[in-house]
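What you are looking at is a predicted structure, and each value in this text was computed from that prediction instead of being measured.
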There are 2 protein chains.
Amino acid sequence: MRWNELSEENCSMARAVSVIGDRWTLLILRDCFLRVRRFEDFQERLGITRPILASRLKKLVDEFVLVKVPYQKRPLRYEYRLTQKGLDLYPIVMAIVHWGDVYMADKKGRPLLHTHDLCGKDFDPVMVCSECGEPLVPRQTHVHPGPAATSSRHLPLGMDSPGARRIVKEKAAS
Amino acid sequence: MRWNELSEENCSMARAVSVIGDRWTLLILRDCFLRVRRFEDFQERLGITRPILASRLKKLVDEFVLVKVPYQKRPLRYEYRLTQKGLDLYPIVMAIVHWGDVYMADKKGRPLLHTHDLCGKDFDPVMVCSECGEPLVPRQTHVHPGPAATSSRHLPLGMDSPGARRIVKEKAAS
DNA sequence: CGCAGCAGGTTCAGTAATCAAACTGTCGAG
DNA sequence: CTCGACAGTTTGATTACTGAACCTGCTGCG
């Protein structure tokens, strides 16, 4: 499968990954949330090569995750700012940072702490259920087909997934 | 910067991205949470080439995100299961799926709905502050150096970041 | 026994993406 | 008129990914 074919898959994750599923893109987005906005600043902070940075920024602009806003004329220069679509990536970025803090930090602790202005405390992000507010645990959730469910691929062991075929076979054999 | 150098960066996000920051890896992990466990099943569902799948699974095992568990002897065969470290990627996966649902779904709606067994309802994941329980909004948070803060890179406009140098210059000029 | 089939990979040649470094173009300051 | 800042683009060499085929270890069938 080619990368651009990913965006046509009937799977929200595949479509999201076709936009943000790239190491450089994720690091660029982290910097966006740290209020980095200019080409040279991204380049110096990330150590990314200039052609790659240009291509990733272009893609994010094409996808409406970032907008180019002029911050001066003569010479006309633009900075990159998060749109609402981009700002809504915050949970993804925070979830990744938090996982890195827990599992990839060295002995000295975390390089960066996050403070919540509302309560004034340093926080960790916690993912909860929108309906009951309880923290989400993978074992306490399951999935079922939604309105746009068509393909059997990317459904969890749907009736014609390989796993299900195997299970059906195994049951038939017993 | 090379990919493997990423893991040495003093930044939790960079280190996490060195493990999971790859389109295929993210899709493999999604399937893990859908209880896909075998090489052939991953291969068929994802349409990934076999060498890449083998290399990604190996990397995830090396990083203790997955473990190989034998499910039969003669012939000895293994399946891939999430470790606790892998299970803790759930918020990342859910956040990506949710963003995809909101911004990348087609008119028909979502391909997949998630049900929370505790409350019995279909839910969206919401990221809240561990201290006060309020939903996290990027504008209501800020960062400051933690115990392991060393390099100025990857700090938000630290005193010797390019952005800060520019701001200092601009203030001095006024 | 001989051979097909399955699960889980590996090997190989060709194509695509990424790298470092240099180059372009516009402008303001000295 | 030269210098430096900014925001990229171009170039040639290196690295990663792709698709197809191949390999291994075992089982079940005739």
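- Atom-to-atom, CG of B/Asp41 to C1' of C/dG8 comes out at 12 Å; the value is rounded to the nearest Å.
- Using a 4.0 Å cut-off, some side-chain N or O of B/Arg74 falls inside it from OP1 or OP2 of D/dT27.
- Other residues, nucleotides and ligands contribute only 12 or fewer heavy atoms inside 6.0 Å of the CZ atom of A/Phe64.
- A/Arg56 comes within contact range of the sugar-phosphate backbone alone, with a heavy-atom separation under 4.0 Å but no base atom that close.
- A donor-acceptor contact under 3.5 Å links the side chain of A/Arg50 to the base of D/dA7.
- No contact: B/Phe42 has no heavy atom under 4.0 Å from any strand.
- The interatomic distance linking A/Glu40 (CD) with D/dC6 (C1') rounds to 5 Å, in whole Å.
- Taking atom CD1 of residue B/Ile28 and atom C1' of nucleotide C/dG8, one finds them 14 Å apart after rounding to whole Å.
- Atom pair B/Asp22:CG and C/dT18:C1' shows a separation of 14 Å (rounding to whole Å applied).
- Here C/dT10 presents its P atom at 14 Å from CD of B/Gln43, a figure rounded to the nearest Å.
- Put simply, the side chain of A/Leu89 reaches to within 4.5 Å of the side chain of B/Trp99, judged on heavy atoms.
- In this structure, B/Arg23 atom CZ and C/dT18 atom C1' are separated by 12 Å, rounded to whole Å.
- Distances shorter than 4.0 Å separate some side-chain N or O of B/Tyr71 from OP1 or OP2 on C/dG8.
- One atom, CZ of A/Arg37, and another, C1' of D/dA7, lie 18 Å apart when rounded to the nearest Å.
- Summarising the geometry, the separation between CD on B/Glu44 and C1' on C/dG9 is reported as 17 Å, rounded to the nearest angstrom.
- Taking a 6.0 Å sphere around CZ of B/Phe39, one finds it holds more than 12 heavy atoms contributed by other residues, nucleotides or ligands.
- Comparing A/Arg77 and A/Ser55 by the nucleotide of DNA chain C whose heavy atom lies nearest to each, the residue mapping closer to the 5' end is A/Ser55.
- At D/dG25, none of the side-chain N or O atoms of B/Tyr78 fall inside 4.0 Å of OP1 or OP2 (strictly under the cut-off).
- OP1 or OP2 of D/dA16 has not a single side-chain nitrogen or oxygen of B/Trp24 nearer than 4.0 Å.
- Figure legend: A/Lys68 and A/Tyr78 shown as a cation-pi pair, the cationic atom lying under 6.0 angstrom from the six-membered ring centre and within 45 degrees of its axis.
- Side-chain proximity of B/Pro75 to C/dG9, D/dC17, D/dT27: nearest is D/dT27.
- A close approach under 4.0 Å does occur between a side-chain nitrogen or oxygen of B/Lys68 and OP1 or OP2 of C/dG9.
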Full working for side chain to side chain contact (heavy atoms under 4.5 Å, CB included) between B/Phe33 and B/Leu82: CA-CA 8 Å; B/Phe33 282 105; B/Leu82 290 163; 3.7 Å; yes
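- Side-chain atoms of B/Pro51 lie closest to D/dA20 of the nucleotides D/dA20, D/dT9, D/dC17.
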